[in-house]
Structures are given as C-alpha cells and as structure tokens.
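These numbers come from a predicted model, not from an experiment. Both ligands and their constituent atoms are indexed starting at 1 by order of listing.
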Amino acid sequence: MNKAPIRVAVTGAAGQIGYSLLFRIASGAAFGPDQPVIIHLLERADEKVMAALQGVCMELEDCAFPLLKGLVPTSNPDEGFKGVNWALLVGAQPRGPGMERKDLLAANGKIFTGQGNAIAKNAAADVRVLVVGNPCNTNALIAANNAPGIPKERFFAMTALDENRAKSQLAKKASVDTTAVTNLAIWGNHSATMYPDFFNTKINGRLVPEVISHREWLEKDFISTVQQRGAAIIKARGLSSAASAANAAVDTVRKLVTPTPAGDWFSVAVHSDGSYGIEKGLIFSYPIRSNGKDFEIVQGVPLNDFSKAKIAATENELKEEKSLVADLIKK
Ligand code: NAX
C-alpha cells in the first residue's frame with residue numbers, strides 16, 4: 001500500500017448521515033481499497049455536539065481501519081478544510097416534518113458562504129466539494145460563488161440517492177436485479193421537482209418503456225414515488241434518510257473518481273455550462289460520465305415533450321431558489 005493519504009473533510013460529522021458516512025469512507029468504500037485517508041470532522045462549536053463528535057472519533061479508532069491514517073475533529077472551519085482534497089458538506093439544518101426547502105434556504109445560506117470561503121482559503125489545490133446538506137443544489141451554488149479561485153466545476157450536489165431510489169423502483173417493477181438498470185439520469189434539483197428520466201433508462205440494455213409497458217405507472221406513480229421518497233421516509237422513521245444518504249454520497253464520490261462503464265452514465269448536480277438549454281451557472285443534475293478525474297455532461301440524450309416539461313419545471317424551481325439567495329452570490 002504505497003499511496004499517500006488524501007484528506008477528506010466531512011461537515012456535520014456528529015449528525016446521522018455522518019455516523020454512516022465516516023465509517024464507509026474509513027473502510028475504503030468511497031476512495032478505493034488502496035487509498036489511505038485522513039478524515040477532518042467538522043462540527044458546530046457546541047459543547048454537546050463536540051462531545052458527541054469525540055465519541056464518533058473513539059468508535060472510528062475502535063474499528064482499527066487499515067486505511068484510516070488520522071482524524072481531525074474540529075469546530076474551526078480553517079482547520080476543518082486545511083489541505084483537504086475532498087470536502088463533503090453534509091452539515092446543515094435537516095428538513096423536519098412539514099418543512100419546505102425554501103424555509104431552509106435562509107438558515108443554510110450563511111453556513112455555505114462561510115464554508116465556501118474557508119475552503120478557498122485552506123483546501124488543497126485539487127479540492128472537490130460534494131454538497132449533501134439541503135437544499136443541496138442551491139447550497140452548492142452559494143459555496144461555489146463564495147470560494148474565489150476554485151473552478152466552479154469542482155462543486156457538486158448530490159442526486160445519487162434519487163438515482164438509487166429510482167433504480168430500485170424500476171428493478172422491483174420489472175422483477176430484475178438493480179444492477180440490470182443503467183443510464184438513469186436525475187435531472188435538475190434534489191427536491192420534489194426532480195425528474196427521473198425513465199425514457200432513456202435501460203433495463204438489461206433495453207429502454208424502460210419497452211420493458212415496462214405500464215405507461216401510466218411510469219409517468220405518474222414511479223415519478224411521484226421517487227420524488228416523494230424523502231418525505232415518505234421522514235413520515236415512517238420520524239427522521240430523514242441517513243444510511244441511504246451516506247451510501248449515495250459514497251456512490252457519488254466513487255463514480256466521480258472511477259471511469260464510468262462504457263455506454264452508461266450517472267447522476268450528480270454540476271455547474272451548468274448551458275447544456276440542454278439550462279441556465280448557465282445553476283447547479284443542475286445531469287447525466288454525467290467520468291474518466292476517473294474529470295467529468296463531462298453527456299450530450300445528445302433525446303428528450304421528448306414530457307421530459308422537456310419536467311426539466312423546465314425543475315429548472316424554474318432552481319432559478320427561484322437562486323433568486324432568493326441572490327444577495328449571497330457574488331458576481
Ligand atoms: P443531522 O441533523 O443529524 O446532522 C447535521 C449535523 O450538521 C449536526 O450534527 C449539526 O450539528 C451539524 N452542523 C450544522 N451546522 C453546521 C456547521 N455550520 N458546520 C458543521 N456542522 C454543522 O442531519 P442529517 O440527517 O445528517 O442530514 C444532514 C443534511 O443532509 C440535511 O440538510 C439533510 O436535509 C440532507 N440530506 C440530503 C440528501 C440528499 O440526497 N442530498 C438526502 C438525505 C438528507 O435529507
């Protein structure tokens with residue numbers, strides 16, 4: 001094992017997603033089985049929270065993970081992001097029952113301006129940032145616009161949980177393994193407007209509408225099940241998704257640092273370059289491919305009128321969120 005350790009910051013490290021995510025990172029699930037890691041655990045400067053964070057660190061130590069080369073628990077963003085190659089921004093105020101994401105914008109805007117700044121000041125030159133904390137697209141937009149010197153293409157927001165949820169629903173309906181489902185793009189915002197494009201998704205290499213003939217189920221039940229899954233889990237558990245969200249963060253990192261299998265794509269929200277007519281600069285989920293280092297937005301995916309209308313709706317929501325945080329976005 002000759003690789004030098006990379007530094008990975010996780011914010012909200014004492015929270016429920018953190019409690020799953022940190023152990024998966026330390027085990028090698030995200031960055032690979034031969035990649036040592038030093039984990040920076042950033043939390044709020046609150047006595048109780050910092051005590052809980054110490055407990056998490058003790059448990060991480062007690063796993064004796066071979067790849068874990070250091071822990072940096074802190075409430076100081078400068079220390080939290082010092083020299084980090086990846087920053088996973090999980091910490092935010094989670095959505096509770098009945099709370100709309102727009103209510104969260106104001107509360108979270110401040111966190112992400114500060115963290116964008118601290119990342120720009122302290123992180124390694126190759127830093128990449130994945131925002132999980134909701135509303136994650138707009139939080140990523142705020143962080144990216146407050147991190148001078150870091151290319152905006154290095155900021156991502158997580159839609160892999162939506163992709164995984166959609167894959168599972170389709171696999172269940174078609175009675176196939178989830179691995180049979182490929183080319184599933186989530187378009188737009190990680191919110192109830194997000195569009196899981198089943199028209200271009202494949203099951204064992206065949207387009208979904210050829211395999212699942214129940215069109216009404218696809219256009220209505222499938223889409224709304226995926227869109228409302230987060231709310232359904234809050235209702236059932238009394239808490240928002242945690243282990244599945246951590247798993248999706250691991251999937252996102254792994255897919256960005258690993259070449260995408262030929263012909264396939266995956267979902268993550270990235271800085272829009274105007275592809276598919278989406279407003280430039282929005283953090284928008286697209287079909288993405290990676291060569292293990294850089295990513296590209298897959299071009300030429302056919303979109304019918306149904307898809308175009310859904311994508312326009314989610315784009316409009318992101319434009320609206322952007323307008324609500326306009327004062328936090330530097331020109
Ligand atoms: P928790 O409330 O369990 O944990 C959040 C943690 O963040 C807390 O420990 C809190 O002290 C910490 N925190 C708050 N402000 C901070 C700051 N400025 N710096 C560092 N730490 C800070 O929430 P959890 O269930 O872990 O969820 C975290 C975020 O993920 C929420 O915003 C949630 O809405 C979001 N999610 C995003 C998903 C996605 O697919 N993008 C899905 C799951 C989840 O809902």
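- In the displayed structure, Arg229 atom CZ is contacted under 6.0 Å by at most 12 heavy atoms of other residues, nucleotides or ligands.
- At under 3.5 Å, a nitrogen or oxygen of Gln16, whether backbone or side chain, sits near a nitrogen or oxygen of ligand 1.
- Side-chain polar atoms of Ser272 and Glu279 form no donor-acceptor pair below 3.5 angstrom.
- Nearest heavy atom pair, residue Ser307 against residue Phe199, reads OG-CD1, 3.5 Å.
- For Leu161, every heavy-atom contact with ligand 1 shorter than 4.0 Å involves the side chain, none the backbone.
- Using 4.0 Å as the threshold, Ser241 has a heavy atom nearer than that to some atom of ligand 1.
- Every atom of ligand 1 is numbered from 1 in the order shown, and the set under 4.0 Å from a heavy atom of Ala245 is 42 (C), 43 (C).
- Residue contacts with ligand 1, taken as heavy atom pairs separated by less than 4.0 Å, involve Ser240 solely via side-chain atoms from C-beta onward.
- Under 4.0 angstrom from ligand 1, the non-hydrogen atoms of His190 all belong to its side chain.
- Annotation for ligand 1: atoms under 4.0 Å from non-hydrogen atoms of Ala14 are 9 (O).
- An N or O contact shorter than 3.5 Å is missing between Cys136 and ligand 1 by distance.
- Considering Val37, Leu22, Leu21 as possible partners of Val8, the one that fulfils the side chain to side chain contact (heavy atoms under 4.5 Å, CB included) test is Val37.
- Sorted by first and then second residue, the ring-ring contact (aromatic ring centres under 6.0 Å, His included) pairs involving residues 222-274 (not counting sequence neighbours) are Trp217-Phe222.
- In this pair, Tyr276 and Trp187 present their aromatic rings perpendicular. The plane angle is above 60°, beyond the 30 to 60° band.
- The contact set between ligand 1 and Gly12, taken as ligand atoms under 4.0 Å from a residue heavy atom, comprises 6 (C), 7 (O), 12 (C), 20 (C), 21 (N).
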Throw together a table of side-chain donor-acceptor distances under 3.5 angstrom for residues 160-182, partners on residues two or more places apart or in other chains.
residue : atom : partner : partner atom : Å
Asp162  : OD1  : His190  : ND1          : 3.3
Asp162  : OD2  : His190  : ND1          : 2.8
Glu163  : OE1  : Ser267  : N            : 2.8
Glu163  : OE1  : Ser267  : OG           : 3.3
Glu163  : OE2  : Lys167  : NZ           : 3.1
Glu163  : OE2  : Lys255  : NZ           : 3.4
Asn164  : ND2  : Asp251  : OD2          : 3.0
Arg165  : NH2  : Ser241  : OG           : 2.8
Lys173  : NZ   : His214  : ND1          : 3.4
Asp177  : OD2  : Thr179  : N            : 3.1
Asp177  : OD2  : Thr179  : OG1          : 2.6

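- Looking at Ile111 against ligand 1, only its side chain comes within 4.0 Å, counting heavy atoms.
- The closest side-chain donor-acceptor pair between Asn200 and Asn183, if any, does not fall under 3.5 angstrom.
- Proximity to Gln115 (heavy-atom distance under 4.0 Å) selects the following atoms of ligand 1: 17 (C), 18 (N), 19 (N).
- Among Val132, Leu130, Ile234, Leu239, the residue whose heavy atom sits closest to atom 37 (C) of ligand 1 is Val132.
- For the 3.5 Å distance criterion, the side chains of Ser244 and Asn247 fail to qualify, holding no donor opposite an acceptor.
- Among the atoms of Asn134, some N or O lies under 3.5 angstrom from an N or O of ligand 1.
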